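Notes to accompany the following structure.
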Amino acid sequence: MSSTRWPLRAALACVVAGAFSSGPVLADPAPAYAELLRRAQSAAPRLAESRAHVAQSEGLARQAAVRPNPTLSLEVENFAGQGPFKGGDAAESTASVQQALELGGKRPARIAAGRAELEVARARAAMVDAAFAFDLAQAYAGAEAADLRFKLASDAIALAEEDLRVTRALVEAGKEAELRVLQARSVIETARAQLGEAQAEREGAFARLTALTGDDPPITSIAVSLLAHADRMEALPAVDPIDTPAYLAAQAEREAAARRVRVEQTRAAPDVSVSVGVRRLAGDDATALVAGVSAPFPIFDRNRGAISASRAELTAAEARLGAARLDAQAEIASALSKAEAAQTRVAANRQAEATATQAYRLTRLGYEGGKLPLVEVLNARRVLIEARDQILNARLERLTAEAALARLQGVAPFGDHP
């Protein structure tokens, strides 16, 4: 019996020691999460798009401050006609410059609207940054979890093969029927199929992480654990709903909508165009100044439809602002409760994993001694594997909830993580 106990103890020691360690470092390991996030600032397509929208709004804000261009004109009259106007001796040439004067506060309103739109773009960019940091944390932790699940699946095969070895020894000693060997082999085949699924999940998780960061060459392993952060007993932050990126973006959009209402109101006031020029009278060999003023007569178009539409848009923006506050409150409450529940689950599942490990060891000893059937060993091993998987799920949920709280704060998660 002692000859069969030593491999059991060695296998259990190896599994327990490596159950939650990262897999072997491959060719292109990811750096720590904080470093990967910093690198992604210049490579991630999503962030590049967000910065481009801000640059676009900056250009439009500069353009909003530009005054109308003057108009230069040259007119020649009374030439190439008949009678006294034959030829060009009686021609009159006028060179003038015309300038439109924006009245009713159009330019200040337009400038204010341009600046408000720029603030909207910046608020949306901040929201994109926070969402990207959250998505990257999810992808990073998901890749690490997939790597650990692959390791757990490999450990499950090792345990199943050790069970098969013991079963064969008992069959050869006449203590078990040959059927038990077939049952043990069936369990190994199932474990191998699960290993293939875990491998596919692992490859997909690292592919998603690579796509999110825009890295080349692709990331194939995790060098610094992020899931370890879920094991820390830290106080959860307090988040004010009106400080969340989504609320601030909605607030900026509401302000921009109010500025657009003012722009449409100023457009109801007609602009005045003034002109001044010099006229050359060839027939009299003389010159004279000319000047003029023109303005549209606002009988039909007072821009009332556009003003009404912009006010309706403002009403919608105010409604979205209220909805953003309520959504932020709900998301904060949800993230806090999930983080607390996950932390409790982590502690409980660790205790369950320790109990399941001890139960599996004792069950194996009982089976080797002929006191327990094989089915008890299989059940104990299944419970052990499920306990380890539950710990991994709880750690991942805790990490996701903390990252969600950071996203609601508008900051990168795990700022103190090495």
Side-chain angles (χ1 to χ4, degrees), residues 50-77 92-128 242 245-279 287-325:
S50 177
R51 288 192 295 269
H53 286 315
V54 173
Q56 177 190 26
S57 296
E58 288 174 346
L60 293 175
R62 290 193 301 271
Q63 184 62 34
V66 176
R67 299 178 184 276
N69 288 323
T71 301
L72 300 178
S73 65
L74 175 63
E75 296 181 1
V76 180
E77 306 176 62
E92 297 180 4
S93 304
T94 304
S96 63
V97 58
Q98 186 180 43
Q99 177 66 55
L101 303 179
E102 295 182 297
L103 303 180
K106 289 185 178 65
R107 182 169 177 267
R110 192 172 62 246
I111 292 173
R115 290 173 178 170
E117 293 292 350
L118 176 57
E119 291 304 315
V120 170
R122 288 172 175 168
R124 288 175 178 170
M127 188 165 59
V128 169
I242 64 174
Y247 182 86
L248 295 176
Q251 191 174 49
E253 290 172 359
R254 188 265 173 208
E255 180 64 21
R259 297 298 182 182
R260 287 193 293 271
V261 171
R262 179 55 185 161
V263 168
E264 297 301 335
Q265 289 173 337
T266 60
R267 286 177 178 173
D271 291 337
V272 173
S273 295
V274 297
S275 61
V276 62
V278 177
R279 176 167 295 173
T287 58
L289 292 176
V290 294
V293 178
S294 65
F297 193 35
I299 297 178
F300 305 111
D301 185 6
R302 298 296 300 272
N303 205 38
R304 290 172 180 170
I307 294 173
S308 177
S310 63
R311 284 175 175 166
E313 183 183 5
L314 174 59
T315 301
E318 290 173 341
R320 289 193 297 271
L321 180 62
R325 181 179 59 83

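Computed from heavy atoms alone, side chains included, the values below leave out hydrogens, waters and symmetry copies. Remember, it's a predicted structure, so these values are computed and weren't measured experimentally.
Between the side chain of Gln99 and the main chain of Pro68, a donor-acceptor pair closer than 3.5 Å is present. Checking side-chain atoms of Thr266 against main-chain N and O of Val263 turns up a donor-acceptor pair under 3.5 Å. Counting only distance, with no hydrogens or angles, the side chain of Arg110 and the backbone of Ala64 share a donor-acceptor pair below 3.5 Å. Of the possible donor and acceptor atoms, one in the side chain of Ser310 sits under 3.5 Å from a partner among the backbone N and O of Ala306. Using a distance-only test at 3.5 Å, with no hydrogens or angles considered, no donor-acceptor pair links the side chain of Arg267 to the main chain of Lys106.
The two residues Val76 and Ser93 make their nearest non-hydrogen contact at CG2-OG, 3.9 Å. When every heavy atom of Arg262 is checked against every heavy atom of Gly104, the shortest pair comes out as NH2-O, 3.7 Å. The two residues Ala125 and Val54 have their closest heavy-atom pair at CB-CG2, 3.7 Å. Between Asp271 and Glu102, the shortest heavy-atom distance links the atoms OD1-CA, 3.6 Å. The heavy-atom pair separating Ile242 from Tyr247 by the smallest distance is O-CD2, 3.3 Å.
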Q: Apply the test side-chain contact (heavy atoms from CB on, under 4.5 Å) to residues Arg311 and Thr315: give CA-CA distance (whole Å), side-chain angles for both, the deciding distance (0.1 Å), then the verdict.
A: CA-CA 6 Å; Arg311 284 175 175 166; Thr315 301; 5.6 Å; no
(Q) Walk me through whether Arg320 and Glu253 qualify under side-chain contact (heavy atoms from CB on, under 4.5 Å). (A) CA-CA 9 Å; Arg320 289 193 297 271; Glu253 290 172 359; 4.0 Å; yes
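Each of Ser294, Pro70, Ser73 was scored for a side-chain contact (heavy atoms from CB on, under 4.5 Å) with Gln98, with one residue passing: Ser294.
Side chains of Val278 and Leu289 form a contact here, defined as non-hydrogen atoms less than 4.5 Å apart. Two residues are said to be in side-chain contact when any heavy atoms from C-beta on lie closer than 4.5 Å; Arg254 and Gln251 fail this criterion. Within the 4.5 Å cutoff, the side chain of Arg124 has no heavy atoms near those of the His53 side chain.
Residue Arg67 holds its CZ atom at 4.0 Å from CZ of Arg107, rounded to the nearest 0.5 Å. The OG atom of Ser275 sits 12.0 Å away from the CG atom of Leu72 when rounded to the nearest 0.5 Å. A distance of 14.5 Å separates OG in Ser57 from CZ in Arg115, rounded to the nearest 0.5 Å. Atom CD of Glu255 is separated from atom CG of Leu314 by 9.5 Å, given to the nearest 0.5 angstrom. Here Leu248 contributes atom CG and Glu119 contributes atom CD; the two are 11.0 Å apart, rounded to the nearest 0.5 Å.
Checked for salt-bridge contact, Arg259 and Glu117 miss the test: no charged N lies under 4.0 Å from a carboxylate O. With respect to the salt-bridge test (charged N to carboxylate O, under 4.0 angstrom), the residues Glu264 and Arg260 do not qualify. Here Arg51 does not pair with Glu58 in a salt bridge; the nearest charged N to carboxylate O distance is not below 4.0 Å.
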